[in-house]
Each structure stands twice: as C-alpha cells, then as structure tokens.
Protein chains: 2
Amino acid sequence: MLKSTPPTAENSGDEPARGDSARGPASLHDEILGRLRDYIVEGNLEAGDRVPERELCEMLGISRTPLREALKVLAAEGLLELLPNRGARVRGLSAQDLIELFDVMGGLEALAGRLACEAITDDEIAEIEKLHYDMYSCYVRRDMHGYFRFNQLIHQKIVAAARNGALASTYSAMTSRLRRARFTANTSRSRDRWSEAMREHEEILDALRRRAGPELGEILFQHLRNKRSAVTSKAEDQES
Amino acid sequence: MLKSTPPTAENSGDEPARGDSARGPASLHDEILGRLRDYIVEGNLEAGDRVPERELCEMLGISRTPLREALKVLAAEGLLELLPNRGARVRGLSAQDLIELFDVMGGLEALAGRLACEAITDDEIAEIEKLHYDMYSCYVRRDMHGYFRFNQLIHQKIVAAARNGALASTYSAMTSRLRRARFTANTSRSRDRWSEAMREHEEILDALRRRAGPELGEILFQHLRNKRSAVTSKAEDQES
DNA sequence: TCAAGAAATAATGAATGCATTATTGCCGAC
DNA sequence: GTCGGCAATAATGCATTCATTATTTCTTGA
C-alpha cells in the first residue's frame, strides 16, 4: 500500500531548477515525471519495492501510458531499475554506489566552484556569505536540520553561480539519487566530522571571496571526499 | 524522408558501455532506445528536425508506444527536446551549449583522471601507452581520422580506469551529446592546436605513469578547456 | 502435514483507438 | 498578386485493449 499522494507541484520547496526541462509542466508526462520523482526522492517507496503502476495511476488519475513513460525516464536517471517483465523497482544504494556518487558529486562541485569563481557577482558572494553565517548559527545551536538546509543552499548557489545549465542538471540528478538516502549523522564520531565540515566551509567561503577557482575546486572535492568517508564508514549502521 | 535504417546493435563499435543499463536489450523499449540514440548521434537527423514518429515506427517495425518511451528518455538525456503538442525535435548545440558541455566534460575528465590514478593497474597504463603511441603515429602521418579514434579510446580508458559506473554513464551521456557535432578541425590555426594537444597528451601520459592524480586532473581539465577554445573560436564557420 | 504442480489471477509490455492540437491547402477579399 | 481566414488533413497525447509473463492460490499426491 502506498503512503500518501504524490505532491502536486512540479518542483516542491527548495529543489533546484532542473536544468534542461526547467519551465512548467508542458505535457502531462512532464508533470507526472516531476511528481513521481519527488515522490520517490522523498522516500515514500522503500528501496527494492516494486513500483505499483496500477495504484499510482489511480492515485494520479491518469492512465498507464504517461506513467510508464515517466518510469522509463526515472530509470535512466538511476532512481529506478527496470526488471524485464517484472516492472520497475526502487533502486537501492549499495555502499559502492554511495562511494561512486559522492565522488561524482565531488567532481561536479569542484567544477562548479572553479566556474563560479569566473562568473560570480559580488551580490551572489554576499548571499552565500549570509547563508554561511546562518548555517554557522545553526551549527553553534546544534540545529542539524537547519544546518543541512543552509548547507544545501550554499552548494546550490555555487552551482548556480557556475552559469552552466548542463552542469546544473547533472548535479541535480545526482542530488536526487543521493537524497533518497537520509544521512541522519548522529553518531559520536559525526560530531567531529561536523566541526571539520564547518571549518571546510570557512575555507570554501574564503576561496570564493578571493575568486580562487582551482583552489576552491580542490577544497570542494576534498570536502565531498570527507563527507564520503563519514557516510560510508558508518554505512553498516543503517542504509535507508 | 529518413536516410537509412537505424542500426540493429544496441552498442555499435567502440561506444563505451552505458553505465547503468549496460547489459543486452532486455525489453523492446531498451533496444529501441539504444538504436534510436545511435541513429541520432550518428547524425542521421539534422538539428532542429522534428522526429517523425510514424516513419520511425514503420522503419523499426514497432508501434508508437515503445518509440515514444524512448523519445522521452532521449529528451531527458538532452539529445532531443519535446515541444508541447509538436513532438520531439533534434536538439541543436548552440555556442553556449558547446561551452557548457566542454566544461562539464573537463570536470568529468579531471575527476576520471584523479580517480584513475588511485585504481589503475600497470597493465592498463601499458594499454594507454600503446594507444598513445598509435595516436602519435597518426599525428606524424597527419592521419586526423585515426588520431581522433585513438584519442577517444585513450580518454575512454582513463574513464574506465576510474572504476566509477556513475561517472562512466554520465560521461557517456555527455559524449553522445557532443558527438552529434562533428568537429572537422581543418582550419589553419587548428594545426597549431593539434600539436599543442599532442603535447598535452604527453603530459597526460606522464602524470598517469606517476599516478599523480590531482596533477592529471588539472591537465585534463585544461586540455578540455583548450579544446573548448579551439572549437568555439571557429564556431562561426559551421556548426553541424 | 507438507510439497509439488496446475489453474486462476494479476501485472507487465506493447498495439491500437480516440480526442485534441497543429499543419497544410484552399478560397475569397483586398 | 498577396494576405488573411477557413476547412481538410495529419500528427500528437493519452486512454484503452490485447497478448504474454509473473505471481498467487488451489489442488493433489506422497
């Protein structure tokens, strides 16, 4: 049984604009695609679950054709896997998948940082500074939820400042795949990681202010590498 | 009118394995997807052309449903664009698109080089060395066609050596989008670029031998940056 | 009682049909 | 002769239907 109806907005909340097909849902297929993606990314379906076409069709009030078109796209994005004659299943993330995805994110963020330094305006830097201090304030208050929110916004702003739509959409796709895994980093070791991450963000902001592209790229890559280590080292605890 | 029937193999020739859905065509949809992608990448449809569903269906001997599913996926990959109630069109590459794609390729190749140095075996390095010398031999013979072939193989090998499926499939998608644009670099200035590229490849091989990951990444990024400049500076000549 | 096999049921994959929208061709007006 | 509007045609988007495959359930035998 499904848990709740998929959201009705094509891009809910703070989700970054999807690079290539950004503007409103032109066709029914497009709208279904966005809603289904959100539905899956938000974790309404467990990893390994088969996707119930019938129920989703009734829930969305559509026929199977546009739904199945969306499933094919989501499979191409890596969120689902298609088993022959057995339909679509929610693709789980193995430890190896996590490593790979974090590394790719590192490469993309490094690129974003480098490009951003070539194009970013003073205003944009000021915005990121503000987000940085908001995030810091969450850090000292131990508000992990808020911290993550600002953290994501900062990285999104950097990607946006890179002025590269192809990068933005690729980054967004990777983010979707990773977001299904909620990393409730609450172990004792993760507190050390938290302060370390905060220090790294100081460096990020500093390099950005100086518009030191290659240096910022390197910092961001290492930032993601460290995040990767923190996540995969405690992957044995829980994975969903 | 269409030019010839789409290829029947799902991955013709030296195309790298598509990361996520690598193994043989499980469903009809999958096979159609591969054949259509090759058909488009090989330039059988002009940029801006609308994709004739009817003809393609007859040509492939299938109904519109699996074809349209494939079109949706190809649109998500960036090869096509879907206009509401006006079907799919082959997406052309603007100068801005070229810049963006080359930069993303630079970021991905930089990452690939870095990761490759962490995992590559001596045998793989030897293979790449061989390809490098084959490529050099083409260079001295002014065999541009052969040069490009070996060039691509080298870059593919580096990506493969990175041992990262997510990277491989992302890279493959970008390659597909770029391959539609045939860069027959035959201007007078491009000869200078050619020798410059050859020198850069010497550096690539050198850094790879030393397994100097970050250095190799930097070289590869600049390599792509230079390629980008060479291509976009003469973008006014011809674009297809 | 349990296991193995067969029938019944449901789900998937693909084809076809229908309503809507775009495109083309034609006619008349200026 | 050309421009603008209207009908005819074709194409698209989605729903529905059909065949095939998987899954469940029921039966039968040990």
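First the proteins, then the strands, lettered A, B, ... as listed; each starts at 1.
Between Arg54(B) atom CZ and dG17(C) atom C1' there is a gap of 13 Å when expressed in whole angstrom units. Between Leu56(B) atom CG and dT12(D) atom C1' the separation is 14 Å, expressed in whole Å. Here dA22(D) presents its P atom at 13 Å from CZ of Arg89(A), a figure rounded to the nearest Å. Going from atom CG of Leu60(A) over to atom C1' of dC14(D) covers 14 Å, rounded to whole Å. Distance, Leu67(B) CG to dC14(D) P: 15 Å, rounded to whole Å. Per the geometry, CZ belonging to Arg50(B) stands 7 Å off C1' belonging to dA11(D), to the nearest Å. Straight-line distance from the CG atom of Leu82(B) to the P atom of dG13(D): 7 Å, rounded to whole Å. Between Leu33(A) atom CG and dC14(D) atom P there is a gap of 12 Å when expressed in whole angstrom units.
Side-chain atoms of Ile120(B) and Ile128(B), non-hydrogen and from C-beta on, do get closer than 4.5 Å to each other. Arg163(A) has its side chain out of reach of Leu115(A): every pair of non-hydrogen atoms, C-beta onward, lies at least 4.5 Å apart. Between Leu224(B) and Glu109(B), some side-chain heavy-atom pair lies under the 4.5 Å cut-off.
Backbone-only contact: Leu83(A) has heavy atoms under 4.0 Å from sugar-phosphate atoms and none from a base. Residue-level contact check: Arg68(A) touches the bases, meaning some heavy atom is under 4.0 Å from a base atom.
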Below 3.5 Å between N/O atoms, which protein atoms pair up with nucleotides 15-19 of chain D? Just atom names and distances, please.
| residue | atom | partner | partner atom | Å |
| --- | --- | --- | --- | --- |
| dA15(D) | OP2 | Ser63(A) | N | 2.8 |
| dA15(D) | OP2 | Ser63(A) | OG | 2.5 |
| dA15(D) | O5' | Ser63(A) | OG | 3.3 |
| dA15(D) | N7 | Thr65(A) | OG1 | 2.9 |
| dT16(D) | O4 | Thr65(A) | OG1 | 3.3 |

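Closest to the side chain of Arg86(B), from the set dG13(C), dG13(D), dA22(C), is dA22(C).
Phe102(B) does not carry Arg225(B) over the face of its six-membered ring by the limits of under 6.0 Å from the centre and within 45° of the normal.
Residues Glu77(B) and Arg37(B) are paired through a salt bridge, judged by an N-O separation under 4.0 Å between the basic side chain and the carboxylate. Between Lys157(A) and Glu127(A) there is a salt bridge, since at least one side-chain N of the basic residue sits less than 4.0 Å from a carboxylate O of the acidic one.
His29(B) pairs by the ring-ring contact (aromatic ring centres under 6.0 Å, His included) definition with nothing, not counting sequence neighbours.
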